[in-house]
Amino acid sequence: MASTAVADANAGGFGVGQVLDGSNPAIVRLRQLVDGPQSSEGWRRCWEQGVTPWDLGQPTPVVVKLVQSGTLPAGGATVLVPGCGGGYDAVALSGGGRSVVGLDVCDAVIQKASQRSSSSPDVAFITADFFTWAPPEPFPLIFDYTFFCALDPSLRPAWAARMEELLRPDGELITLMYLPQDQDSGPPYNTTVLDYEEVLKPLGFFIESFLL
């Protein structure tokens, strides 16, 4: 049965250092471009127009901390990072015996990530839709960082079903959660720990560890 390790990354999450409500013009424009469940084209336009308030231009501090903790699987593990964006976190997760596949719907940002990581042989970037992509085999480890909260809430059951399909039966899903509350709309959308549990537990996932 697949397991899930859940970390609350609220202190260093989506758009760290930015106001993520309607008072931020970048968030207003983001929500104009990404509207509703059919949002793939909207995310492409965000990258093309530089409307990327979530992009730090470097690995997320909490991801670096997680790598340095030495708790991630090694020894040949292959990690899938859906919604990898600029690829900074994918590169940070590589090494130590781990290879990483970064996935994003925007070809332009995948090309930039590939160029930026040309000296990192353990990372590969692929342009594809998380919900339709068919890899040659399931992964032992999937890393979801603020991908869940960026999806329209109606897509959450489909997100969980795809995680089950893409993960080996003995694999691990690491979900670093950003938990915004009382937002007027999204993305990012309001989320709680219960939102994750409601879609994952019926599929056989269980919480193996909860890191703060």
Answer whether the closest heavy-atom distance between the side chains of Leu30 and Cys46 falls below 4.5 Å.
yes

Once you round to the nearest 0.5 Å, how far does CG of Leu103 lie from OG1 of Thr127?
8.5 Å

Work out which heavy atom in Ala92 is nearest to a heavy atom in Pro59; give both atom names and the distance.
CB-CB, 4.0 Å

Let me check something: do Phe131 and Trp133 share a hydrophobic cluster, defined by ILVMFWY side-chain heavy atoms less than 4.5 Å apart, either directly or through other members?
yes

Just do the side chain to side chain contact (heavy atoms under 4.5 Å, CB included) check on Asn24 and Arg29 with the steps written out, would you?
CA-CA 9 Å; Asn24 183 339; Arg29 181 57 179 154; over 6 Å; no

Leu33-Ile27 co-clustered via ILVMFWY side chain contacts under 4.5 Å
yes

Test of understanding: with salt bridge (charged side-chain N to carboxylate O under 4.0 Å, His left out), list the residues that count as partners of Asp122, not counting sequence neighbours.
none

Going by distance alone, is a donor N or O of one side chain under 3.5 Å from an acceptor N or O of the other, for Asp144 and Trp159?
yes

Can any side-chain N or O of Arg116 pair as donor or acceptor with the backbone N or O of Gly87 at less than 3.5 Å?
no

Mind checking salt bridge (charged side-chain N to carboxylate O under 4.0 Å, His left out) for Glu41 and listing every partner two or more places apart, or none if nothing turns up?
Arg44

Criterion side chain to side chain contact (heavy atoms under 4.5 Å, CB included) on Thr192 and Asp195, from CA distance to verdict
CA-CA 5 Å; Thr192 66; Asp195 290 325; 3.3 Å; yes

Taking the side chain as every heavy atom from C-beta outward, state whether Asp107 and Phe125 have any pair of such atoms under 4.5 Å apart.
no

Do the side-chain N and O atoms of Ser99 and Thr78 include a donor-acceptor pair separated by under 3.5 angstrom?
yes

Sorted by chain and number, sequence neighbours left out, salt bridge (charged side-chain N to carboxylate O under 4.0 Å, His left out) with Glu48 holds for none

Compare all side-chain heavy atoms of Leu56 with those of Pro61 and state whether any distance is below 4.5 angstrom.
yes

When rounded to the nearest 0.5 Å, the distance separating OG of Ser185 from CG of Asp152 is 11.0 Å

N/O donor-acceptor pair under 3.5 Å between Ser117 side chain and Ser120 backbone:
no

If we only count heavy atoms from C-beta on, is the Met177 to Cys149 side-chain gap below 4.5 Å?
no

For the atom pair CD (Glu197) and CZ (Phe205), what is the distance rounded to the nearest 0.5 Å?
13.0 Å

Worked check of side chain to side chain contact (heavy atoms under 4.5 Å, CB included) between Tyr145 and Thr175
CA-CA 6 Å; Tyr145 182 49; Thr175 314; over 6 Å; no

Matching residue for Ile174 among Thr71, Val79, Leu72, Ile142 - test: side-chain contact (heavy atoms from CB on, under 4.5 Å)
Leu72

Could you tell me whether the side chain of Pro82 reaches within less than 4.5 Å of the side chain of Met163, counting heavy atoms only?
yes

Group every Ile, Leu, Val, Met, Phe, Trp and Tyr by side-chain heavy-atom contacts under 4.5 Å, then state whether Leu166 and Leu173 land in the same group.
yes

When you look at Arg156 and Phe148, which way does the side chain to side chain contact (heavy atoms under 4.5 Å, CB included) test go after all the steps?
CA-CA 7 Å; Arg156 289 172 181 174; Phe148 182 90; 3.3 Å; yes

Using the rule that Ile, Leu, Val, Met, Phe, Trp and Tyr join whenever any side-chain heavy atoms are under 4.5 Å apart, tell me whether Val64 and Val91 fall into a single cluster.
no

Taking C-beta and beyond as the side chain, do Leu141 and Leu80 meet within less than 4.5 Å on heavy atoms?
no

Would you please indicate yes or no on a ring centroid separation below 6.0 angstrom for Phe130 and Phe147?
yes

Once you round to the nearest 0.5 Å, how far does OG1 of Thr146 lie from CH2 of Trp54?
9.5 Å

Leu176 and Phe143, any side-chain heavy atoms less than 4.5 Å apart
yes

Does Leu200 share a hydrophobic cluster with Tyr189, counting links as ILVMFWY side-chain heavy atoms below 4.5 Å and allowing steps through other members?
no

Expected output: side-chain Arg45 to main-chain Val51 donor-acceptor under 3.5 Å:
no

Of the non-hydrogen atoms in Pro157 and Ser154, which two are nearest, and what is the gap between them?
CD-O, 3.7 Å

Are Asp55 and Tyr88 side-chain neighbours, meaning at least one heavy-atom pair lies under 4.5 Å?
yes

Cys84 versus Gly102, closest heavy-atom pair with distance:
SG-C, 3.5 Å

Closest contact, heavy atoms only, Asp104 versus Cys106
OD1-N, 3.1 Å

Taken to the nearest 0.5 Å, the spacing of Asp129 CG from Arg162 CZ works out to 8.5 Å

